[in-house]
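Everything on this sheet refers to the single structure shown next.
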2 protein chains.
Amino acid sequence: MPQKRILPYVIMGILLNKDCTGKQIMDEFRFDIGEFWQSSHSQVYPELKRMEQDRWIESYSKEDNDKEIHYHLTAYGHEIINDWLMEPVDKLPVSKDLFSLKTFFINDRNDPRLENLFKHQIQLVSNSLNHLRERRQALFSSQEQIDQQYGHYLILARAISRQENQLVWLEDKLNNR
Amino acid sequence: MPQKRILPYVIMGILLNKDCTGKQIMDEFRFDIGEFWQSSHSQVYPELKRMEQDRWIESYSKEDNDKEIHYHLTAYGHEIINDWLMEPVDKLPVSKDLFSLKTFFINDRNDPRLENLFKHQIQLVSNSLNHLRERRQALFSSQEQIDQQYGHYLILARAISRQENQLVWLEDKLNNR
DNA sequence: GCGTCCATGTAAAAGGTTACATGATTAA
DNA sequence: TTAATCATGTAACCTTTTACATGGACGC
């Protein structure tokens with residue numbers, strides 16, 4: 001869904017922590033950020049060029065290796081991303097949720113498709129939960145790690161809480177039909 | 001994000017319950033379906049024409065009023081939508097969640113922007129929760145109503161559960177920072 | 001009759017995904 | 001050396017949003 005151009009802010013957010021190549025930025029999307037935002041390299045690479053033109057970032061390459069292009073936030077870019085982080089979010093996201101959609105259209109509580117949808121959804125949520133817990137284990141097993149990337153920790157904890165709640169709810173409804 | 005063409009299925013799902021005009025379909029989006037799927041009239045009207053060409057739906061107008069075009073699921077359309085409802089959902093949606101995104105990038109647990117983000121989010125979730133509860137009150141205050149549109153009821157109950165959990169979590173984190 | 005609102009329709013612009021392309025590195 | 005993989009880049013296509021357009025209905 002075409003939204004108000006968010007991608008450059010995501011990229012700048014990533015660059016707040018460290019300079020990155022396009023590849024490294026894509027890795028961020030593949031792992032943690034992928035939980036709540038996704039993009040593809042065919043968006044990111046052109047975006048990096050645009051952002052460089054806008055002077056939000058600048059590129060350089062290491063002496064020994066001039067193929068790898070690293071990107072670095074400029075002072076101006078810092079301003080932009082910090083301003084953006086300050087703006088409050090003004091509405092909740094609407095996820096395009098196929099599970100809701102299909103369930104919504106099934107009127108009969110004994111329709112076997114309901115049970116099917118629920119069982120699959122439970123599987124999906126369980127898998128997601130496992131993944132999230134592993135991630136927490138890997139990244140935040142010490143208080144020090146938590147304090148170093150507190151926002152990341154919060155978002156991970158929140159996702160886990162949501163999925164736990166979701167799982168309980170789904171199983172409860174499945175059993176008490 | 002271009003997804004696999006879902007809109008026609010949503011429309012057919014709506015038409016399962018009753019024949020509709022474009023306007024009536026848009027009303028469904030504006031109210032209940034809007035919680036988990038959105039569209040705009042500039043998508044829906046052309047889509048209706050395409051679907052009619054594909055013989056998934058057919059149009060007719062009432063004798064006394066030939067301006068209003070009503071759409072009706074064909075037998076073929078019934079097949080299509082029922083097959084689709086049977087297919088299990090194979091992955092969880094990734095909502096483009098600005099709250100997660102912004103929080104993610106704030107490393108310092110004492111950054112005042114965190115508190116700000118949380119307070120705003122609490123407000124948003126509270127409002128959403130109120131709206132959902134009103135909706136449940138209005139639509140599902142009797143067991144008969146629940147049994148008549150069980151899927152709709154489930155989705156509404158699920159949304160309420162999620163938001164309740166979310167609200168507790170947010171408030172807890174805000175207080176124990 | 002006249003202006004406004006409303007249902008419907010259409011067009012333009014932008015975001016996002018998929019597929020294809022390229023050049024360099026690595027592995028067999 | 002050749003094939004395969006990888007990082008980067010580009011193009012085509014589709015979806016979605018926003019804005020604009022039309023024609024009838026309704027109130028004044």
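Computed from a prediction, not measured in an experiment: that's the story for all the values here. Chain A is the first sequence line, chain B the second, and so forth, proteins listed ahead of strands; every chain is numbered from 1. Note: hydrogens, waters and symmetry copies are ignored here, and every other heavy atom, side chains too, is used.
We find that CD1 of A:Ile11 is positioned 14 Å from C1' of D:dT8, with the value rounded to whole Å. For the pair B:Lys96 NZ and C:dT17 C1', the computed distance is 11 Å after rounding to whole Å. The interatomic distance linking A:Gln38 (CD) with C:dT18 (C1') rounds to 14 Å, in whole Å. Residue A:His41 contributes atom NE2, which lies 13 Å from atom C1' of C:dG16 at whole-angstrom precision. The OH atom of B:Tyr45 sits 20 Å away from the P atom of D:dT15 (whole-angstrom rounding). In this entry the distance linking NZ of A:Lys23 with P of D:dG9 reads 14 Å, nearest Å. Taking atom CD of B:Gln43 as the reference point, atom P of D:dA19 lies 16 Å away to the nearest angstrom. Going from atom CG of A:Asp27 over to atom C1' of D:dC6 covers 12 Å, rounded to whole Å.
Aromatic ring centres of A:Phe140 and A:His152 lie closer together than 6.0 Å.
Other residues, nucleotides and ligands contribute over 12 non-hydrogen atoms within 6.0 Å of the CZ atom of A:Arg133. Taking a 6.0 Å sphere around NZ of B:Lys91, one finds it holds 12 or fewer heavy atoms contributed by other residues, nucleotides or ligands.
When the side-chain nitrogen and oxygen atoms of A:Arg5 are compared with OP1 and OP2 of C:dA14, none of them lie within a distance under 4.0 Å. Distances shown here put a side-chain N or O of B:Lys49 below 4.0 Å from the OP1 or OP2 atom of C:dG9.
Under 3.5 Å, the side chain of B:Ser40 and the base of D:dT18 form no donor-acceptor pair of N or O atoms. For B:Ser42 and D:dT18, a side-chain-to-base donor-acceptor distance below 3.5 Å is present, hydrogens and geometry of angles not being considered.
One hydrophobic cluster holds both B:Tyr76 and B:Leu7 under the rule that ILVMFWY side chains link at heavy-atom gaps under 4.5 Å.
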